[in-house]
Amino acid sequence: MRAGPARPLRAADMKKDVRILLVGEPRVGKTSLIMSLVSEEFPEEVPPRAEEITIPADVTPERVPTHIVDYSGNEYSLVGEANVICIVYAVNNKHSIDKVWTSSANFLIIAMYPFYFRLPLILVGNKSDLVEYSSMETILPIMNQYTEIETCVECSAKNLKNISELFYYAQKAVLHPTGPLYCPEEKEMKPACIKALTRIFKISDQDNDGTLNDAELNFFQRICFNTPLAPQALEDVKNVVRKHISDGVADSGLTLKGFLFLHTLFIQRGRHETTWTVLRRFGYDDDLDLTPEYLFPLLKIPPDCTTELNHHAYLFLQSTFDKHDLDRDCALSPDELKDLFKVFPYIPWGPDVNNTVCTNERGWITYQGFLSQWTLTTYLDVQRCLEYLGYLGYSILTEQESQASAITVTRDKKIDLQKKQTQRNVFRCNVIGMKNSGKSGVLQALLGRNLMRQKKIRDDHKSYYAINTVYVYGQEKYLLLHDISESEFLTEAEIICDVVCLVYDVSNSKSFEYCARIFKQHFMDSRIPCLIIAAKSDLHEVKQDYSISPADFCRKHKMPPPQAFTCNTADAPSKDIFVKLTTMAMYPHARLRCMCTCNRCTFCICQNFLNSDLLQSVKNKIFTAVLNRLRARVAEWGAMLLADDESSITHQVHAVSCVEDSIFMESSHGPLFLEARHVTQADLKSSTFWLRASFGATVFAVLGFAMYKALLKQR
């Protein structure tokens with residue numbers, strides 16, 4: 001890594017103007033300096049005070065607007081408006097130099113109150129054309145005493161010497177201040193700067209091996225400075241580090257100590273704009289805090305829309321998981337998780353997360369659980385998800401404008417209902433029931449935990465959420481369960497969901513009444529599908545204290561029958577109810593009578609085929625065409641049956657042939673009628689036989705279809 005030509009800083013990077021205030025004793029040349037800068041020549045007549053000068057951003061080296069103010073008298077309000085103070089003295093006047101001590105102290109006190117921060121100071125020695133010596137030896141003790149003094153510049157308003165440099169250093173003191181980065185007394189970087197650079201190093205160390213290899217250094221150089229590094233330049237950087245510290249380079253890679261040493265070297269050599277360019281590229285402001293614009297980019301979310309992670313975000317999270325899964329066991333141990341969160345200012349996940357997503361036998365979050373937790377955060381609190389992605393450096397590593405590019409905002413749910421299809425991948429299910437009805441068991445069963453594993457969960461580590469993937473018709477979807485606390489009335493936020501799971505305890509006679517009451521109050525007239533779960537089905541079932549049984553209640557309100565469920569199993573509990581819940585959330589417009597969703601048995605295959613839009617369209621067209629043909633020919637066939645002579649029979653044969661031809665021409669099922677075209681005249685000796693056979697086949701098909709629908713309804 002080298003300083004190189006830093007990329008131009010944009011207004012978005014700085015977010016402020018530069019206000020330079022020139023102060024000093026009378027007749028030291030403050031006004032002359034301003035006039036010489038503007039007119040590029042020494043003025044013959046100097047006014048008592050110059051007006052405020054504004055230099056446009058496009059003509060300044062740092063591309064920011066710059067305001068220059070001439071201080072006169074006791075206008076201390078100007079000090080509060082300025083963000084850098086230039087103390088001007090005359091190098092040919094010893095009294096003027098001595099007054100610098102007092103001026104520095106006075107303006108430091110003024111600048112500190114009431115703003116509680118010290119403004120950077122620059123000492124300006126004017127009229128250097130009148131002497132042949134330098135005043136630096138006299139000024140150095142002042143600079144050593146006051147760390148707020150950024151630099152000292154000797155110049156001449158008459159000869160235009162160092163005039164542009166003076167105001168460049170003033171800009172630099174504002175845009176790239178030394179104070180937040182470096183402590184001159186200790187000759188080392190300040191803790192806040194070290195912390196920020198350490199986070200930047202960890203983000204840039206994409207393979208998490210503790211060093212920045214050549215590829216990582218080149219990537220870092222490109223995203224910060226838009227300048228690639230030649231192989232020889234890389235070796236030169238490493239040689240500089242090796243020369244000064246022994247453990248700055250390891251395995252041909254730059255270590256954290258070497259990385260910090262390079263930035264210390266930049267600051268000590270006056271190139272702290274290099275460090276500031278890196279810090280601001282990674283989202284830091286002048287106080288070395290991550291800016292709100294970086295952590296919380298603008299993201300518009302219309303009503304009735306949800307937020308999900310897109311494919312690029314999942315790829316980034318996958319690489320983040322792989323980066324910290326050092327033992328490659330597809331789970332993050334507590335130490336690995338702690339290492340991942342070192343780029344965060346705090347630990348974002350508590351112990352309840354382990355009971356919200358899937359974990360392995362040791363209780364460590366698995367790869368699937370890791371992605372599920374991020375999906376949950378995105379769905380419930382997208383702003384927090386943006387913040388977390390910002391800490392991980394998503395926009396930098398993926399070279400996107402912001403973390404908002406990782407989020408997909410789904411379309412309005414009303415549109416999904418109109419089109420009878422959805423593009424969502426995350427579905428929310430509110431689990432409602434009385435206390436101790438088995439809701440927690442339902443949530444933990446989604447994570448594959450039976451009753452024995454659930455008993456090991458501490459009360460203070462319990463979670464009201466659970467999320468995991470569910471496969472519906474071969475598609476991977478996320479089902480999010482939310483345990484709703486028992487109350488007489490639900491709030492509006494507790495009603496909003498994609499599907500409702502009403503849980504009652506089969507061993508508690510008063511359990512179902514609460515579910516029925518909540519259903520009638522909030523969901524009976526809504527379009528949200530509901531499923532009733534008969535929990536603890538391994539226990540003795542008692543009669544519910546309600547006017548009708550749960551099964552009759554479901555039939556009355558055209559709901560699927562109650563689903564028996566228990567998590568008191570030797571292995572992981574069955575996930576059939578979760579597939580059913582997700583299916584109902586995906587297709588809320590459909591009344592699902594059959595709740596078998598194995599997608600393997602003959603019944604499910606027939607169900608899916610019968611419900612397909614293609615079959616319904618073809619069936620309607622064929623029925624319409626056949627019905628119209630039969631009505632048109634019934635009278636003709638009746639007359640033909642009454643005729644006994646041979647000529648009438650011959651006409652019948654030709655009539656039937658015409659019917660067959662017309663059906664063949666209008667039907668899209670050519671192969672099914674192709675055999676009828678090849679029937680010989682000998683086979684059609686008796687038209688009565690074929691007419692009866694056709695009629696019988698039609699009756700048989702209608703009766704068979706009706707019987708199947710009856711069986712389907714009963715199932």
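Residues: numbered from 1 along the sequence shown.
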Where [X] and [Y] come nearest, the two heavy atoms and their spacing:
| X | Y | answer |
| --- | --- | --- |
| Leu539 | Ser507 | CD1-OG, 3.7 Å |
| Ser372 | Gln368 | OG-O, 2.8 Å |
| Pro550 | Gln544 | CG-CG, 4.1 Å |
| Val382 | Ile301 | CG1-CD1, 3.5 Å |
| Lys439 | Ile432 | CD-C, 3.9 Å |
| Gly441 | Cys567 | CA-SG, 4.1 Å |

Side-chain ([X]) to main-chain ([Y]) donor-acceptor, under 3.5 angstrom:
| X | Y | answer |
| --- | --- | --- |
| Lys413 | Thr422 | no |
| Asn310 | His312 | yes |
| Gln400 | Ala406 | no |
| Tyr514 | Ser487 | yes |
| Asn568 | Lys536 | no |
| Asp498 | Phe427 | no |
| Arg527 | Pro588 | no |
| Asp304 | Asp412 | no |

Q: Would you please test Asp286 and Arg280 for side-chain contact (heavy atoms from CB on, under 4.5 Å) and show each step?
A: CA-CA 9 Å; Asp286 289 349; Arg280 289 186 173 118; 2.4 Å; yes
Parallel, tilted or perpendicular: ring planes of [X] versus [Y], cut at 30 and 60 degrees:
| X | Y | result |
| --- | --- | --- |
| Tyr473 | Tyr587 | tilted |
| Phe321 | Phe370 | tilted |
| Phe341 | Phe344 | perpendicular |

Pairwise side-chain contact, [X] with [Y], heavy-atom cut-off 4.5 Å (strictly under):
| X | Y | value |
| --- | --- | --- |
| Val500 | Phe519 | no |
| Asp505 | Asn436 | no |
| Leu481 | Cys429 | yes |
| Leu386 | Tyr394 | no |
| Asp576 | Gln563 | no |
| Asn508 | Val542 | no |
| Arg449 | Thr359 | yes |
| Tyr388 | Gln403 | no |

Q: Dump the intermediate steps for side chain to side chain donor-acceptor pair (under 3.5 Å) on Gln318 and Tyr314, then the final yes or no.
A: CA-CA 6 Å; Gln318 178 183 353; Tyr314 281 117; over 6 Å; no
Q: Report the C-alpha distance between Thr306 and Thr410 in whole Å, list the side-chain angles of each, state the deciding distance to 0.1 Å, and finish with yes or no for side chain to side chain donor-acceptor pair (under 3.5 Å).
A: CA-CA 5 Å; Thr306 60; Thr410 63; 2.7 Å; yes
Q | Option passing side-chain hydrogen bond (donor to acceptor under 3.5 Å, both in side chains) with Ser463 (candidates Thr356, Asp483, Asp352) | A |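 Exactly one pass, corresponding to Thr356.
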Q.
Using the side-chain hydrogen bond (donor to acceptor under 3.5 Å, both in side chains) definition, which of the options Asp339, Asp325, Thr320 pairs with Asn208?
A.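 Only match with Asn208 under side-chain hydrogen bond (donor to acceptor under 3.5 Å, both in side chains): Asp339.
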Atom pair [atom1] ([X]) and [atom2] ([Y]), whose distance is rounded to the nearest 0.5 Å:
| X | Y | atom1 | atom2 | result |
| --- | --- | --- | --- | --- |
| His311 | Asn425 | NE2 | CG | 12.5 Å |
| Gln206 | Asp322 | CD | CG | 13.0 Å |
| Gln383 | Leu299 | CD | CG | 6.5 Å |
| Ile203 | Lys323 | CD1 | NZ | 7.5 Å |
| Leu380 | Tyr465 | CG | OH | 5.0 Å |
| Ile396 | Ile200 | CD1 | CD1 | 7.5 Å |

(Q) Leu490 vs Phe523, test: side-chain contact (heavy atoms from CB on, under 4.5 Å). Steps then yes/no. (A) CA-CA 11 Å; Leu490 302 182; Phe523 303 108; 4.2 Å; yes
Residues, nucleotides or ligands: over 12 heavy atoms within 6.0 Å of [X] [atom1]:
| X | atom1 | result |
| --- | --- | --- |
| Glu401 | CD | no |
| Asp571 | CG | no |
| His461 | NE2 | yes |
| Glu399 | CD | yes |
| Arg517 | CZ | yes |
| Arg362 | CZ | no |
| Met452 | CE | no |

Q | Test: Lys510 and Asp545 ion pair at under 4.0 Å | A |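 Salt bridge between Lys510 and Asp545, a charged N being under 4.0 Å from a carboxylate O: yes.
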(Q) So that I can tick it off, tell me whether Lys462 and Asp459 are bridged by a salt bridge, with the cut-off set at under 4.0 angstrom between side-chain N and carboxylate O. (A) yes
Q.
Between Asp335 and Leu326, does the side-chain contact (heavy atoms from CB on, under 4.5 Å) criterion hold? Intermediate values first, please.
A. CA-CA 10 Å; Asp335 290 337; Leu326 300 179; over 6 Å; no
Q: Test side-chain contact (heavy atoms from CB on, under 4.5 Å) on Cys385 and Thr307 and set out the steps.
A: CA-CA 10 Å; Cys385 177; Thr307 49; over 6 Å; no
Q) Looking at the rings of His557 and Phe553, which for Trp means the six-membered one, are their centres under 6.0 Å apart? A)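 When the ring centroids of His557 and Phe553 are compared, they turn out to be within the sub-6.0 Å range.
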